[in-house]
Each structure stands twice: as C-alpha cells, then as structure tokens.
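Residue numbers run from 1 in the order of the sequence given. What you see below is based on every heavy atom in this structure, not just the backbone, and it leaves out hydrogens, waters and symmetry mates.
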Amino acid sequence: MSPSQLQDFDADQLARFREEIELAYAELKAKNLKLDLTRGKPSSEQLDFADELLALPGRGDFIAADGTDVRNYGGLTGIVDIRRLWAEVLGVPVEQIIAGDASSLNIMFDVISWSYAFGNPDSPNPWKDEASVKWICPVPGYDRHFSITEHFGFEMIPVAMNEDGPDLEAIAELVKDPQVKGMWVVPTFSNPTGYSVSPEVARGLAELETAAPDFRIVWDNAYAVHTLTDEFPDNIDVVGLAEKAGHPNRFWAFTSTSKITFAGAGVSFFITSAENRDWYTGHAGIRGIGPNKVNQLAHARYFGDAEGVRAVMRKHAASLAPKFTAVLGILDQRLGSRGVATWTTPAGGYFISLDVIDGTASRVVELAKEAGIALTGAGSSYPLHRDPNNRNIRLAPSLPPVAELEVAMDGVATCVLLAAAEHLAQQ
C-alpha cells in the first residue's frame, strides 16, 4: 500500500503528486474566483437578525429605568437598563460594568493610551516615562490587539496560547520583570484558536505576583456568548477573583454586542474595579460627555433579559455552525490523511486556526491570492506579523454563503497541498 502522508512519499511519488496538484491548482485559477476569508465579519443573514433594533426604542418612549431621557447629554457610565441586563448575562455585579459606544476596542486603546500618558491608579510613573514597556502576547492571537501595543512601541513578548489558556508558567517568569506592564488575552473561544481560558488558569492570572504594581490584563471577552452549539460557556468573574487575590485593579475586562446585533452600531462594556472605573471616567469625562444612550436603550428593549440574548445567539449559531462544519469537513477530507496540516475544532467564536508545514504559510497565502481567494496574511496572528515558524493561518468562515465557502476552502486545501509538495521537493 502506498503511503498517504506526503512526508513518506519517495521522490517519484512526490513528483507525480506535485504534477497532479499543479493541474488542480491551474483549474482553480481558471475559475477566476473572488472570495474573501480575511476577517470575521457577520454575514448579512446574521445582521438581519437585529433589524428590529432600527425601530427601537420607539417614538415618544425615550426614558430609561432611572428616569433619564436618553436623548440628552450625560450618563458617562451608560444607562442602568443595559448595564443590569449585561450583568445578568455575565453573572457579575452591575456595579462593575460601564456601558459605552459600539467598539470595545476603542476603550482598550483609551486605557492603554491613558496609562501611557498619565499612568493608571497603581503606576509609579506614566508609562511614557518608563525606560521601556513590555507586553505579553499569547499566540496565535488577535492582530488588532497587537497593532495597539505596536503603535505605542511596546516590546511584545509572545507566549503560547494553550487549550486551557495562555502559558501560565511562562507568564509567571516574565512578570518578574518590572517593565512588563500587561498582557492581552481573549478568554472565551479565542481569536483564532477557539480555545478558552480555564477557571484554574484564570485564577492563576489573578493571583500572579508581578514586579510591576500597575500590571494589567486586557481580558477581551469578545466571544462570551458566541457558541456554535446549544451550550453557553460559563463566564469567569476575573474582577472578583483578582479582588480576592489582593490585586483588585488587575483586570480590564471587555465585551460588546458587536457580533450580536450590528457590528458597527452595538454597545460595548468595560468591566473592572471601582478604582479603575473612577480613573477611567476621570479621563473619559474630558474626552466626551457620554455614550449613545438611545442605542443602549434600544438594545435593552430588544433583548429584554439575558435569556433574550441567548435566544439571539442561538440564531447566530444556527447560521454559523453549518459554515464551520463545511470548513472542517473539507480540511479533514482534503488534508486529514496527508500529514501537512493541523487545525482547531472550536465550539464557538469566529475563527479556525490552521497550521501548515513550517515555512509554507506565506506560500499558501500567496497561492490563494493568485487564485482569487483572499486569506489573512501569514503571521497576522503574531506580534509584528512575525510567525517564527511561518506556520499559522487564520480562517474566518462567517461572511460567505456556505456554497462560496466550500469552493474557497477546497481551493485553500489545494494551495496547502501544493505549497507542501513544493517545500518537500526541496528537502
């Protein structure tokens, strides 16, 4: 029986396979495709789920639960209606939550900017006055996170993102350096692996002894309720864990409705300690007068309660799950026996992390581009886009219809096989 894994092929077998896959690639290019798997955007079907929002909060009905007329100025921390609802979703005290405008990423940029310019409540100095600022980056991770810390010139230190969360042992060593001021983490259905931080790792992060008193963890819980099944993940109250551990200000936690309602017109949430909230509002009150409370009231009326959020997310799961199933099926069918790739099988979130033969990810992306299939750039899941193994590719199945997705992923598999055959022929 001839081997199925490309690494086991002899020279003649590999040459014949390469000829076959080059022919398949030529046929792929001849299709003149124009398909995009670059970003985890909701599809039009998913956006349609929230159309009811456009008629809310309703003509002549602009009064929040505390009597606030949401059309007017003020309300820096957001209205209690949406804060109370999201506290129920996350299982945390309502007092921990600030509700903002559409983008939690904007608030992340703010808190890092203000720590840089002014310092945060535990800072001996503003970060701009430090000799250097270092930041821990679990990898593969979220490129927009890394872009923020790159923007400020921080030294970014990669650590492995394991199935139960970032490598706690490695982090414990790194935080002995007082210049290490923080870290990124996507705790639930992480971008791009789909892994989730376990309660044990979360507790370990809360209890870490750090040389920098102002060390902060950006806990970007973007996919807190984004299941692909009927099961919703349990939220970990990291702010409460940190308070019990004696580090009450450690976590800056975030989430939003961006991939629940309208991606460009949702509500963001900042969950943190009382001292951090006071520090944040002290700067935010200078930057602006308050968030879009009309939109917050519309969202509160749209969802009704936490079960209303889960009902909406079941619709999203029904839309997304067949797409993930299609991608995973094609990967398994085309690549499963070839020994040239591994991938994650997430139970939620928006991405699949694909690892190809070391040294070939950039070639896969190049081949796909030439065939009319846009993939996120190789290395995008690493700080400065530098994947030391040139291995990782982030797949985003959410936007295209299933039929287009199947064509695109079959094409991606062809590109992976061709890049692998080219690479092995040079060994």
Side-chain angles (χ1 to χ4, degrees), residues 1-41 43 140 192 322-345 351-381 385 387 389-427:
M1 180 181 293
S2 61
S4 62
Q5 295 201 357
L6 266 61
Q7 292 93 332
D8 297 331
F9 284 13
D10 61 30
D12 288 340
Q13 290 170 323
L14 186 60
R16 287 195 297 272
F17 178 85
R18 183 172 175 178
E19 287 179 4
E20 293 172 4
I21 205 68
E22 284 176 341
L23 178 60
Y25 181 68
E27 293 173 351
L28 176 67
K29 289 180 71 175
K31 293 179 180 178
N32 293 316
L33 300 175
K34 191 176 181 181
L35 302 173
D36 190 340
L37 299 180
T38 57
R39 300 220 67 91
K41 294 181 180 180
S43 66
K323 298 182 179 184
F324 278 75
T325 298
V327 170
L328 294 169
I330 290 169
L331 289 173
D332 186 59
Q333 180 185 10
R334 294 289 313 280
L335 305 178
S337 65
R338 294 300 187 183
V340 297
T342 59
W343 52 89
T344 57
T345 306
F351 304 99
I352 294 167
S353 184
L354 173 67
D355 283 343
V356 296
I357 287 180
D358 284 7
T360 67
S362 56
R363 179 59 174 157
V364 172
V365 173
E366 178 186 30
L367 289 167
K369 181 179 180 181
E370 292 175 2
I373 304 168
L375 296 174
T376 303
S380 292
S381 297
H385 290 217
D387 175 358
N389 298 300
N390 192 12
R391 171 195 298 166
N392 186 254
I393 299 170
R394 184 183 72 188
L395 301 176
S398 59
L399 187 61
V402 171
E404 288 185 12
L405 188 60
E406 289 173 339
V407 173
M409 281 310 306
D410 190 64
V412 170
T414 296
C415 296
V416 171
L417 291 167
L418 179 53
E422 291 174 348
H423 181 79
L424 292 170
Q426 297 170 3
Q427 303 303 299

- Query: Which atom pair, heavy atoms only, marks the closest approach of I373 to A408?
  - Reply: CD1-O, 3.6 Å

- Item | Value rounded to 0.5 Å, distance of CG in L28 from CG in L418 | 10.0 Å

- Message: Between I393 and V364, does the side-chain contact (heavy atoms from CB on, under 4.5 Å) criterion hold? Intermediate values first, please.
- Response: CA-CA 9 Å; I393 299 170; V364 172; 3.7 Å; yes

- Message: Let me confirm one number: the CD-CD1 distance from Q427 to I357, rounded to the nearest 0.5 Å.
- Response: 8.5 Å

- Message: Here's a test for you: under side chain to side chain contact (heavy atoms under 4.5 Å, CB included), which of T360, D358, D355, V356 qualifies with N389?
- Response: D358

- Message: Strictly below 4.0 Å, N to O, side chains only: are E19 and R16 in salt-bridge contact?
- Response: no

- Query: Nearest 0.5 Å, what's the OG1-CG distance between T376 and L354?
  - Reply: 11.5 Å

- Item | Shortest non-hydrogen contact between A420 and V340, atoms and distance | CB-CG1, 3.7 Å

- Closest non-hydrogen contact found for V327 with P397 is CG2-CB, 3.9 Å

- Message: One pair to check against side-chain contact (heavy atoms from CB on, under 4.5 Å): L395 and F351. What are the steps and the verdict?
- Response: CA-CA 6 Å; L395 301 176; F351 304 99; over 6 Å; no

- For D387 and G379, indicate whether the former's side chain and the latter's backbone hold a donor-acceptor pair under 3.5 Å. no

- Task: Using distance alone, with no hydrogens and no angle criterion, decide if S353 and N392 have a side-chain donor and acceptor under 3.5 Å apart.
- Result: yes

- Message: Can you tell me if Q7 has over 12 outside heavy atoms packed within less than 6.0 Å of its CD?
- Response: yes

- Query: So, does Q13 use its side chain to make a donor-acceptor pair with the main chain of D10 at under 3.5 Å?
  - Reply: yes

- OG of S362 to CG of N390, rounded to nearest 0.5 Å, is 3.5 Å

- Considering all heavy atoms, the nearest P400-L37 contact: CG-CD2, 3.8 Å

- Considering non-hydrogen atoms only, spot the tightest contact between S337 and S4 and give its length. O-OG, 3.1 Å

- Salt-bridge present (R18, E22; N to O < 4.0 Å): yes

- Evaluate the side-chain proximity of L375 to K369: yes if any heavy-atom separation is below 4.5 Å, no if none is. no

- Under 3.5 Å donor-acceptor, Y25 side chain and L367 backbone: yes

- Message: For the OG1 atom of T325 and the CG atom of L405, what is their distance to the nearest 0.5 Å?
- Response: 10.5 Å

- At their closest point, which heavy atom of L335 faces which heavy atom of W343, and how far apart are they? CB-CZ3, 4.0 Å

- Side-chain donor/acceptor of K323 to backbone N/O of S398, under 3.5 Å: yes

- Would a distance-only check, ignoring hydrogens and angles, find a side-chain to backbone donor-acceptor pair under 3.5 Å from T414 to D410? yes

- Got a second to check how far R39's CZ is from S380's OG, nearest 0.5 Å? 8.0 Å

- Show your reasoning for whether side-chain contact (heavy atoms from CB on, under 4.5 Å) applies to V412 and I330. CA-CA 10 Å; V412 170; I330 290 169; over 6 Å; no

- Task: Please check if any side-chain donor atom of R394 sits under 3.5 Å from a side-chain acceptor atom of T38, or the reverse.
- Result: no

- Task: List the steps, then state whether side-chain contact (heavy atoms from CB on, under 4.5 Å) holds for Q5 with R338.
- Result: CA-CA 4 Å; Q5 295 201 357; R338 294 300 187 183; over 6 Å; no

- Message: Side chains of E422 and R363, heavy atoms from C-beta outward: is any pair under 4.5 Å?
- Response: yes

